[in-house]
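Every chain is numbered from 1 and lettered A, B, ... according to where its sequence line falls, protein lines coming before strand lines. Fair warning: this is a prediction, and the values are worked out from it, not measured in the lab.
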There are 2 protein chains.
Amino acid sequence: MFKRSPSLTEQIKSHIKEQIVNNEFEDGRIPSETEMANELGVSRTTIRDALSRLQIEGAIVRKQGAGTFVNEPILQIQSRLDEIWSYTNVLEAHGYTPTVQVIDVSEEPASATIADELGLAEGDKVLVIKKRFLEDDTPVILARNWLPASCVLESYEDIDFQVPIYDYLEACSQQRLNYYLSDIVPVSAKAEIAALLQVSSGTALLALEEVGYNENNEPILKAQSYFRDDLLRFRLIRRRT
Amino acid sequence: MFKRSPSLTEQIKSHIKEQIVNNEFEDGRIPSETEMANELGVSRTTIRDALSRLQIEGAIVRKQGAGTFVNEPILQIQSRLDEIWSYTNVLEAHGYTPTVQVIDVSEEPASATIADELGLAEGDKVLVIKKRFLEDDTPVILARNWLPASCVLESYEDIDFQVPIYDYLEACSQQRLNYYLSDIVPVSAKAEIAALLQVSSGTALLALEEVGYNENNEPILKAQSYFRDDLLRFRLIRRRT
DNA sequence: AAGTGGTCTAGACCACACT
DNA sequence: GTGTGGTCTAGACCACTTA
């Protein structure tokens with residue numbers, strides 16, 4: 001029934017996830033681990049691994065002695081702040097069909113702050129990319145990215161900056177963006193930003209100030225993003241630790 | 001070397017975590033799974049379970065073929081928004097020794113919004129608790145909680161509301177708070193809130209608007225919190241999914 | 001080539017929840 | 001008591017990194 005690659009566990013995870021979203025389980029109760037293991041012809045360990053991954057995602061809850069259940073409220077959330085990656089995808093998940101505007105691309109010497117955050121020397125060249133995400137001519141997100149010019153292999157005029165920044169990084173350097181460490185900051189829109197987002201000056205906006213790291217935990221990217229709270233709201237699950 | 005309870009896995013997790021925080025690993029490299037299994041006299045599965053939990057916390061990274069490593073940048077973060085639970089603990093982690101003020105406790109009929117969010121009928125009694133968290137007479141957090149009066153077993157005048165709200169819930173009802181579903185909202189401080197947090201009106205504040213759920217995914221608590229961004233900043237890790 | 005983490009099996013016993 | 005998820009074992013093979 002299942003092939004070798006991707007892993008059995010991953011295939012079974014997808015299989016169960018599909019049944020969940022199709023609402024195929026009575027009362028949100030998922031069959032017992034032993035039952036599924038027999039049914040699908042794999043060991044219970046494999047089933048358990050698949051369920052563990054779904055549990056981490058928040059799709060299910062397990063209750064010792066009682067059973068495993070679909071986690072309905074959490075499945076409803078469209079934009080979990082800890083899970084967003086591409087802004088385009090976030091907007092699509094909200095039901096928008098977004099467009100991306102590249103406002104400006106320039107090469108600048110690194111300020112002391114940016115040099116410090118990216119592990120560069122002050123004055124080293126950095127590439128600064130400004131973008132705007134809109135839906136129906138209404139701006140929703142404003143983003144600014146800084147990355148070391150040393151990682152840019154080709155002339156940047158030739159490049160399509162509409163692709164997500166991490167795709168660009170992977171393509172033009174040998175770097176792979178692994179995770180962001182983000183500060184969550186409430187701000188009052190200053191004139192420049194207010195104009196670009198078409199809100200009145202002083203409007204409360206949500207901002208992310210973040211540094212992106214590669215797989216060796218080296219900083220490779222700084223980003224600053226502003227979100228219109230009236231059009232896009234982020235959510236989060238806070239679990240007991 | 002290890003006892004039966006808590007589980008072997010949990011003991012080994014703590015054991016490794018302790019070695020990590022004490023910086024006992026050369027170059028942040030953790031011994032191989034096989035090595036630790038032999039060393040500690042348990043099966044490799046048990047070691048792997050312990051490491052998996054540390055990985056979920058973000059304390060380590062595993063690289064197939066290479067090894068397991070301490071995740072230094074993530075260990076540095078003091079206030080991860082997805083991990084906070086008690087505000088008192090958050091402030092302590094920031095190096096403060098906070099005090100808690102109970103501003104007001106009252107019983108009110110539920111508005112339509114609150115009734116809807118808590119699964120009550122409009123007009124049902126709810127208990128409203130307002131608190132303020134300070135450090136050295138400087139207010140840092142403002143919190144308001146709504147909970148169904150029906151779950152309050154005793155007269156609320158007798159109760160010490162300084163304890164975290166989830167402790168109170170567990171004590172006075174049979175409910176256990178399992179997780180919050182939180183909206184992250186940037187706001188401009190209105191006069192009343194600005195006064196209580198001692199900031200000027202219009203200051204950008206971070207707010208959480210959340211609903212707390214019990215283990216059966218039933219809403220049992222509504223909360224609204226305001227944070228002074230200049231004194232307390234939340235962080236988050238955004239991983240690739 | 002050697003060593004690492006990733007996957008998978010088959011089986012055992014325990015702790016807890018239902019009824 | 002019966003069935004559930006939680007823990008744990010011993011062993012096998014695979015995929016990948018490193019030297």
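- You'll find that the side chain of B/Arg44 is closest to C/dG5, out of C/dG5, C/dT9, D/dG6.
- Listed pair A/Thr46 / C/dT7 fails the phosphate criterion, with no side-chain N or O lying under 4.0 Å from OP1 or OP2.
- Rounded to whole Å, atom C1' of D/dC16 lies 13 Å from atom NZ of B/Lys63.
- Residue B/Ser32 places at least one side-chain N or O closer than 4.0 Å to OP1 or OP2 of C/dT4.
- For A/Thr9 and C/dC8, the shortest distance from a side-chain N or O to OP1 or OP2 is below 4.0 Å.
- Here A/Arg62 does not reach the OP1 or OP2 of D/dT4: none of its side-chain N or O atoms lies under 4.0 Å away.
- For A/Gln11 and C/dT7, the CD to P distance is 12 Å, given to the nearest whole Å.
- Heavy-atom nearest nucleotides on DNA chain D were determined for B/Gly41 and for B/Ala66, and the one closer to the 5' end corresponds to B/Gly41.
- Between A/Ile84 and A/Phe234, the closest side-chain pair of non-hydrogen atoms falls below 4.5 Å.
- Side-chain contact, A/Asn71 with B/Tyr213: no donor N or O sits under 3.5 Å from an acceptor N or O.
- Computed from coordinates, the B/Leu8 CG to C/dA15 C1' distance equals 15 Å when rounded to whole Å.
- Computed from coordinates, the B/Leu51 CG to D/dC8 P distance equals 14 Å when rounded to whole Å.
- OP1 or OP2 of D/dT7 has not a single side-chain nitrogen or oxygen of B/Thr45 nearer than 4.0 Å.
- Each of B/Arg29 and A/Ile47 has a nearest nucleotide on DNA chain C; the 5'-most of these lies closest to B/Arg29.
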- Given side-chain contact (heavy atoms from CB on, under 4.5 Å), test A/Thr68 with A/Val61 step by step and report yes or no. CA-CA 6 Å; A/Thr68 302; A/Val61 285; over 6 Å; no
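- No donor-acceptor contact under 3.5 angstrom links the side chains of B/Lys17 and B/Asn22, judged on distance only.
- Pair assignment for D/dC16 gives C/dG3, based on Watson-Crick or G-U wobble hydrogen-bonding distances that are each under 3.5 Å.
- Phosphate contact (OP1/OP2 of D/dA10, side-chain N/O of B/Ser43, threshold under 4.0 Å): absent.
- Contacts of A/Thr34 with the nucleic acid, taken as non-hydrogen atoms under 4.0 Å apart, are absent.
- Remark: A/Arg53 is in phosphate contact with C/dT7, judged by side-chain N or O atoms under 4.0 Å from OP1 or OP2.
- The closest side-chain donor-acceptor pair between A/Arg48 and A/Ser43, if any, does not fall under 3.5 angstrom.
- Of the candidates C/dC8, C/dG6, D/dG6, the closest approach to any side-chain atom of B/Arg48 belongs to C/dG6.
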